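First comes the structure, then the notes that go with it.
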Amino acid sequence: MEKPFFEQVYDLVRQIPYGRVSTYGAIAQYLGSGGAARMVGWAMNKAHNQPKPVPAHRVVNRIGVLTGKHHFDGLNTMQQLLKSEGIIVIDNQIQDFQKVVWHPLVELHKSQNSL
DNA sequence: ATTTTGACGACGT
DNA sequence: GACGTCGCCAAAA
């Protein structure tokens with residue numbers, strides 16, 4: 001039996017490289033549940049309870065808007081973290097989003113990563 | 001076990 | 001192209 005859905009989400013989010021972001025839909029799709037995008041976001045909520053740190057700030061919606069920023073400690077915590085990684089965020093919108101987006105299915109497929 | 005939710009996404013208007 | 005509605009899927013109450 002595989003890990004619970006949530007844990008798979010955390011594991012994948014931790015695999016997001018520095019200076020890159022991912023989308024809920026892409027993550028859900030990687031897990032095989034394309035339509036479960038909302039589930040991914042919800043998993044992020046529980047991520048705070050996780051023993052391992054989850055870079056939830058690197059997860060945004062399909063348009064690159066920091067929809068979940070208000071779930072963080074402060075109001076602009078998420079934006080600050082992204083900015084620290086070289087990602088420019090203006091008005092909750094990631095600039096050059098398409099350039100920093102990280103598709104797990106595509107990226108991991110190129111590496112043929114096995115575990 | 002049933003119902004609601006939840007940091008979304010796609011389609012329709 | 002922006003706004004609205006419905007659908008998804010899995011977990012929590």
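Below, chains carry the letters A, B, ... as their sequence lines are ordered, and counting in each starts from 1. Because the structure is a prediction, the values reported are computed rather than measured.
Checked for salt-bridge contact, Glu85(A) and Arg58(A) meet the test: a charged N lies under 4.0 Å from a carboxylate O.
Of the two residues contacting DNA chain C, namely Gly35(A) and Phe5(A), the nearest-nucleotide position lying further toward the 5' end is that of Gly35(A).
Closest to the Arg62(A) side chain, of the nucleotides dA12(C), dA7(B), dA10(B), is dA10(B). Nearest nucleotide to the Trp42(A) side chain, out of dA11(C), dC8(B), dA7(B): dA11(C). Here the side chain of His71(A) is nearest to one of dA7(B), dA10(C), dG9(B), namely dA7(B). The side chain of Arg38(A) approaches dG7(C) more closely than any other nucleotide in the set dA7(B), dG7(C), dA11(C).
Cluster annotation: Leu12(A) and Ile16(A) are assigned to the same hydrophobic cluster (Ile/Leu/Val/Met/Phe/Trp/Tyr, side-chain heavy-atom contacts under 4.5 Å, transitive). Following chains of ILVMFWY side-chain contacts shorter than 4.5 Å, one can reach Phe5(A) starting from Tyr24(A), so the two form part of one hydrophobic cluster.
One interatomic measurement links the two molecules: CD1 of Ile27(A) to C1' of dC9(C), which rounds to 15 Å at whole-angstrom precision. Straight-line distance from the CE atom of Met44(A) to the P atom of dA10(C): 16 Å, rounded to whole Å. When the C1' atom of dC8(B) is taken as reference, atom CG of Leu66(A) falls 15 Å away, rounded to whole Å. Atom CG of Asn49(A) is separated from atom C1' of dA7(B) by 16 Å (rounded to the nearest Å). If you measure from atom OH of Tyr24(A) to atom P of dG6(B), you get 14 Å, rounded to the nearest angstrom. In this entry the distance linking CZ of Phe6(A) with P of dC9(C) reads 15 Å, nearest Å. The separation between Tyr10(A) atom OH and dA7(B) atom P is 14 Å, rounded to whole Å. For the pair His103(A) NE2 and dG9(B) P, the interatomic distance rounds to 11 Å; values are reported in whole Å.
As judged by a 4.0 angstrom heavy-atom cut-off over every strand, Lys46(A) is placed among residues touching the sugar-phosphate backbone only. If you check every strand for non-hydrogen atoms under 4.0 Å, Asn61(A) touches sugar and phosphate atoms only. Residue contacts shown for Ala28(A) are absent, as no nucleic acid heavy atom lies under 4.0 Å away.
Side-chain N/O atoms of Thr67(A) include one lying less than 4.0 angstrom from OP1 or OP2 on dC8(B).
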- Taking it one step at a time, do Lys69(A) and Asn92(A) satisfy side chain to side chain donor-acceptor pair (under 3.5 Å)? CA-CA 8 Å; Lys69(A) 67 172 294 182; Asn92(A) 296 340; 3.0 Å; yes

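Shown here is Tyr10(A), whose OH atom has more than 12 heavy atoms of other residues, nucleotides or ligands within 6.0 Å.
Pair assignment for dA7(B) gives none, since no Watson-Crick or G-U wobble pairing has each distance under 3.5 Å.
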